Structure formats: structure tokens, C-alpha cells
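Some notes on the structure that comes next.
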Amino acid sequence: MTMERILSEVRGLDGVLELAPQAGSVFPEVSWGDHFFYFAPDGQVPTNRQPYATIVTKDYPDDAASRLDAPDRWRLNIHVGAKTAAELVVPAGGDPGAEVDYGAEDVFLPHPLYGALGWVCVVNPGAATLDRALEALRDAHRDDRRRVERRATSG
């Protein structure tokens with residue numbers, strides 16, 4: 001399964017912290033079953049920054065454009081920065097003015113809410129996107145690590 005491959009790959013990165021809220025946990029019910037990834041070698045969930053990648057398995061109240069409530073749908077979200085996002089996201093038919101189908105599978109899309117902030121997403125990554133998505137995850141992890149280390153030396 002592709003999600004298991006992604007989870008295995010990310011879990012193997014140095015200093016990764018995976019937050020995976022489950023039913024009955026202290027985290028909001030809407031987050032149960034999802035995965036949030038940080039560079040946090042101390043094992044503590046950061047309070048001063050967002051994860052560098054997430055896997056969501058359902059629609060959120062303000063984020064339903066990917067139609068994740070349908071069976072067997074989930075979405076990988078990665079903070080890649082504006083430059084890489086522009087390289088990964090190819091508008092439909094090459095038309096930059098084309099409307100985005102956020103429910104399209106196995107294509108890089110701007111994140112429905114955070115695309116302007118350098119986030120991309122892939123609904124049900126597969127043969128067309130998996131290898132590049134794994135590379136983007138490794139890069140996002142490295143970038144988060146650099147930010148954490150820079151803050152530690154400047155603080």
C-alpha cells in the first residue's frame with residue numbers, strides 16, 4: 001500500500017517525530033487517524049511551528065475540496081516552498097488560469113488552503129507521483145531540520 005510505503009520512508013528519517021492521533025487521545029477528534037511530521041529529535045511536539053508534511057484521511061470542516069470522505073481516499077501534503085511548488089504543480093492542460101480539481105488523484109496540486117504558502121498535495125499518490133513525493137518529503141524534512149538547527153544556534 002502506498003500510504004504504508006510513505007509512512008515507512010518518513011519514519012526512517014533521522015529526528016522525525018510522527019504525531020498520529022488516535023481515537024480517545026487528547027487531540028481533537030477531527031485529527032484522529034491522520035499523521036503529522038516534524039523534525040523533533042527530542043521527541044516533543046513543537047509548539048512554535050507547523051509540521052512539514054501531513055497525511056489526512058478525511059475532509060476537514062474548512063477543507064473538503066479533495067473529497068476525502070469518499071472511500072479509500074487520502075491526501076499527502078508537503079511544504080516544499082514556492083519554487084519547488086511551481087515546478088511540481090502543472091496546471092490542467094498547461095493553462096495557468098485553469099480551475100484546479102483538488103480531487104484529482106496521483107497528480108501534484110497546490111494545497112487547497114496553503115498552496116500560496118508553498119504547500120503541495122497529492123490525493124492517493126501512485127505511480128505518477130510516488131517517487132517524486134518521497135523525494136519532496138526527504139527535502140522537506142531536511143529543510144525543517146535546518147530551520148530547527150538555525151534557531152537553536154541563533155537563540
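The shown structure was predicted, so the numbers you read here are calculated from the model rather than taken from an experiment. The analysis underlying the following values was restricted to heavy atoms, covering all of them including side chains, and did not include hydrogens, waters or symmetry mates.
Within the 4.5 Å cutoff, the side chain of Phe39 has heavy atoms near those of the Arg49 side chain. At a threshold of 4.5 Å between non-hydrogen side-chain atoms, the residues Tyr52 and Asp143 do not count as touching. Proximity of His79 to Asp144: side-chain heavy atoms (C-beta onward) are nowhere separated by under 4.5 Å. Counting heavy atoms from C-beta on, the side chains of Glu9 and His141 never come closer than 4.5 Å. When side chains are defined from C-beta on, Tyr114 does not count as touching Asp63, because their heavy atoms never get closer than 4.5 Å. No side-chain heavy atom of Thr54 sits less than 4.5 Å from a side-chain heavy atom of Asp34. Annotation: side chain of Trp119 is not in contact with side chain of Pro112 (no heavy-atom distance under 4.5 Å). Counting heavy atoms from C-beta on, the side chains of Phe37 and Glu18 come closer than 4.5 Å.
Panel note: side chain Ser66, backbone Tyr102; a donor-acceptor pair is recorded below 3.5 Å. Judged purely by atom type and a 3.5 angstrom limit, Asp106 uses its side chain to pair as donor or acceptor with the backbone of Ala128. Using modelled atom types, no side-chain atom of Thr84 and backbone atom of Gly81 make a donor-acceptor pair closer than 3.5 Å.
One hydrophobic cluster, built from ILVMFWY side chains closer than 4.5 Å, holds both Leu137 and Trp74.
For the atom pair NE2 of His35 and CD1 of Ile55, the computed distance is 5.5 Å after rounding to the nearest 0.5 Å. Interatomic distance, OG1 of Thr129 versus CG of Leu134, reported as 9.0 Å (0.5 Å rounding). Atoms CG and CE, on Leu7 and Met3 in that order, are 6.5 Å from each other to the nearest 0.5 Å.
No more than 12 heavy atoms of other residues, nucleotides or ligands shown are found within 6.0 angstrom of CD on Gln50.
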ask   = After noting the C-alpha distance and the side-chain angles of Arg67 and Asp101, does the key distance pass the salt bridge (charged side-chain N to carboxylate O under 4.0 Å, His left out) rule?
value = CA-CA 10 Å; Arg67 304 185 296 277; Asp101 175 7; 3.3 Å; yes
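Between Leu17 and Ala40 the shortest heavy-atom distance is CB-CB, 3.8 Å. Here the closest non-hydrogen pair linking Tyr38 and Pro51 is CE2-N, 3.4 Å. For the pair Cys121 and Asn77, the tightest heavy-atom approach, listed with the atom from each and the gap, is CB-OD1, 3.2 Å. Considering all non-hydrogen atoms of both residues, Ala104 and Leu109 come closest at O-CD1, 3.9 Å. Here the closest heavy-atom approach between residue Pro125 and residue Leu76 is recorded as CG-CB, 4.1 Å.
Contact check on Asp59 versus Arg73 returns no salt bridge, with no Lys/Arg side-chain nitrogen under 4.0 Å from an Asp/Glu carboxylate oxygen.
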